Amino acid sequence: DTGVSQDPRHKITKRGQNVTFRCDPISEHNRLYWYRQTLGQGPEFLTYFQNEAQLEKSRLLSDRFSAERPKGSFSTLEIQRTEQGDSAMYLCASTPGRAKNIQYFGAGTRLSVL
Amino acid sequence: AQTVTQSQPEMSVQEAETVTLSCTYDTSESNYYLFWYKQPPSRQMILVIRQEAYKQQNATENRFSVNFQKAAKSFSLKISDSQLGDTAMYFCAFMRGNPGNQFYFGTGTSLTVIP
């Protein structure tokens with residue numbers, strides 16, 4: 001499968017715990033995006049990377065959230081001291097450099113904070 | 001700020017019939033792109049169709065076509081010959097030309113195709 005891969009698909013955690021999600025973009029896609037989707041809503045932009053550089057962060061990305069893309073390939077999204085309001089689907093998307101206006105999405109990681 | 005509005009939370013259509021999903025947006029940008037994405041129950045978003053704002057011609061992809069009214073900031077999706085596999089959430093999305101290229105999504109329309 002050469003699509004965008006996200007791991008894990010589901011994560012259940014207790015409030016206050018830290019969680020980390022991983023996204024593997026399509027090979028050679030230089031832009032990678034993170035979105036959050038809550039029930040009944042469309043995805044909301046969190047942050048994006050061009051190669052290893054994090055170029056923009058949404059106001060939704062509080063200090064408890066951090067994202068990295070250390071080698072310009074896979075990315076991780078960490079949430080520290082999780083809160084119940086963090087429960088959502090976290091989606092990753094990637095874009096080839098030659099066609100920046102097409103984003104390919106992964107299946108997402110569903111986070112449930114108890 | 002960019003906003004995308006989908007005023008139809010749920011719609012249904014008989015198999016083989018035609019259905020139109022509405023989308024309006026608000027922006028002060030001149031360079032932008034518009035998209036319709038489909039999200040089946042498996043939750044993976046799939047691109048249905050896209051439109052460059054500078055193109056006057058409406059985009060078409062097989063059974064899917066759009067009615068892009070730039071002055072009215074309207075971008076509706078028409079699905080012809082609806083199939084059971086079209087059952088999904090449909091999201092309208094706006095993308096600025098620069099910088100960032102992140103999407104701004106509407107709240108979605110849940111489409112059910114009835115056999």
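None of the values given here were measured: they were computed from a predicted structure. Below, chain A is the first sequence line, B the second, and so on; all start at residue 1.
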Side-chain donor-acceptor contacts of residues 74-82 of chain B below 3.5 Å, not counting sequence neighbours, with atom names and distances?
residue: B:S82; atom: OG; partner: B:E17; partner atom: O; Å: 2.8

* Member of A:Y48, A:F45, A:F65, A:F21 meeting the side chain to side chain contact (heavy atoms under 4.5 Å, CB included) criterion with A:W34 ->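 Among the candidates, only A:F21 passes.
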
* Please state whether the rings of A:Y104 and A:H29 are parallel, tilted or perpendicular, taking 30° and 60° as the class boundaries. =>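 Geometry flag for A:H29 against A:Y104: tilted rings.
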
* Asked: Do the charged groups of B:E61 and B:K38 touch, with an N to O distance under 4.0 Å?
  -> no

* Other residues, nucleotides, ligands: >12 heavy atoms within 6.0 Å of A:I12 CD1 ->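 No, because the 6.0 Å sphere around CD1 of A:I12 holds 12 heavy atoms or fewer from other groups.
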
* To do: Determine whether more than 12 heavy atoms belonging to other residues, nucleotides or ligands lie under 6.0 Å from atom NZ of B:K73.
  =>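 More than 12 within 6.0 Å, yes.
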
* Can you check whether anything in residues 104-115 of chain B gets within less than 4.5 Å of chain A, heavy-atom wise, and list it by number? => B:F105, B:G106, B:T107

